[in-house]
Amino acid sequence: MELISDSHIALAPLQVTEEQPPVSRLVLGGALTDTRVAGKILEACVRAGDETLILTTDDVPFEETLHIHLLGANHELIESVTIGAAYHTGLFRSPSVDAADALSFDFMGALRWTVRVSPSPSWHVPYLSDPPGVSRRLRFSTRLHVSAQDHAE
């Protein structure tokens, strides 16, 4: 994995009502694509082989949500994970590549989050496999493995 510059990748927020969560279209090299992702602000981009991990936030200061999207080689959406909780402020900072398959960052208080991208889907137990604050579509396999550790540990 390697962090990549956001000069090649950008988001074009779509017009949504105030009740709807922000959604954006992916812009690659200045060209608008058909790929839609949750979020309004592009926080980080990471290349993982021929795939891309995109981290976005909603731009809601006192109840921020972080969306993690895995995009395929053709920039199609493979999987998404959301981190956030009601009444929690979230400030995305200090992204770093920790291994060939892992990205770590700070978000939601004193937590250091790690996202590992596996090359193929592996077993995932809904509601039990993820730390509190993580949500995703109901499924029994995943390529995105999320963990959180308190900075004090």
Side-chain angles (χ1 to χ4, degrees), residues 1-6 9-27 35-48 51-72 75-153:
M1 286 187 138
E2 66 174 319
L3 287 166
I4 56 176
S5 161
D6 59 0
I9 298 176
L11 296 179
L14 298 172
Q15 297 288 20
V16 293
T17 65
E18 213 168 284
E19 293 81 27
Q20 295 173 314
V23 176
S24 298
R25 286 178 63 185
L26 192 62
V27 178
T35 304
R36 294 175 187 228
V37 295
K40 184 177 180 180
I41 306 294
L42 181 63
E43 297 289 352
C45 300
V46 180
R47 186 163 324 283
E51 299 172 327
T52 306
L53 202 59
I54 294 180
L55 288 81
T56 65
T57 53
D58 290 345
D59 194 26
V60 179
F62 299 106
E63 223 172 79
E64 191 62 272
T65 303
L66 179 69
H67 306 282
I68 304 165
H69 307 287
L70 179 62
L71 304 177
H75 307 292
E76 74 280 5
L77 185 61
I78 296 174
E79 186 175 352
S80 294
V81 174
T82 299
I83 300 173
Y87 309 113
H88 273 79
T89 57
L91 177 61
F92 178 83
R93 62 182 188 274
S94 305
S96 64
V97 174
D98 292 342
D101 66 345
L103 173 72
S104 294
F105 53 87
D106 295 335
F107 188 73
M108 267 183 28
L111 293 176
R112 183 76 178 164
W113 296 85
T114 302
V115 177
R116 292 191 183 282
V117 179
S118 62
S120 60
S122 58
W123 179 248
H124 174 75
V125 180
Y127 308 112
L128 300 176
S129 296
D130 290 320
V134 175
S135 61
R136 62 174 84 213
R137 295 179 80 180
L138 183 63
R139 56 191 304 168
F140 292 96
S141 65
T142 186
R143 296 221 15 235
L144 297 176
H145 302 276
V146 180
S147 61
Q149 185 174 3
D150 195 315
H151 278 291
E153 293 178 12

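Residue numbers run from 1 in the order of the sequence given.
Here the closest non-hydrogen pair linking Gly39 and Ser24 is O-OG, 2.7 Å. Residues Ser122 and Ser118 come closest through the heavy atom pair OG-OG, 4.4 Å. Between Ala148 and Pro131 the shortest heavy-atom distance is N-CG, 4.0 Å. Nearest heavy-atom pair across Met1 and Leu103 is SD-N, 3.9 Å.
Atom CD in Glu51 sits 4.0 Å away from atom CD1 in Ile78 (nearest 0.5 Å). Interatomic distance, Ile41 CD1 to Leu66 CG, rounded to the nearest 0.5 Å: 12.5 Å. Distance CD1/Ile9 to CD1/Ile4: 4.0 Å, rounded to 0.5 Å. In this structure, CG in Leu53 is found 10.0 Å from CZ in Arg143, a value given to the nearest 0.5 Å. The distance from atom CG of Asp59 to atom NZ of Lys40, rounded to the nearest 0.5 Å, is 5.0 Å. Atom CE of Met108 sits about 7.5 Å away from atom CD1 of Ile83, to the nearest 0.5 Å.
The side-chain heavy atoms of Phe107 and Leu55, taken from C-beta on, include no pair separated by under 4.5 Å.
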Subject >> side-chain hydrogen bond (donor to acceptor under 3.5 Å, both in side chains) assessment of Thr35 paired with His69 >> reply: CA-CA 11 Å; Thr35 304; His69 307 287; over 6 Å; no
**OP:** Mind running side-chain contact (heavy atoms from CB on, under 4.5 Å) on His67 and Ser80 for me, showing each step along the way?
**Re:** CA-CA 7 Å; His67 306 282; Ser80 294; over 6 Å; no
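Applying the side chain to side chain donor-acceptor pair (under 3.5 Å) test to pairs two or more places apart or on separate chains, those with a residue in residues 100-113 are Ser96-Arg112, Asp98-Ser104, Asp101-Arg116, Ser104-Thr114, Asp106-Arg112, Asp106-His151.
The aromatic rings of Phe92 and Phe105 are tilted relative to each other, their planes meeting at an angle between 30° and 60°.
With hydrogens and angles disregarded, a donor-acceptor distance shorter than 3.5 Å links the side chain of Thr56 to the backbone of Ala38.
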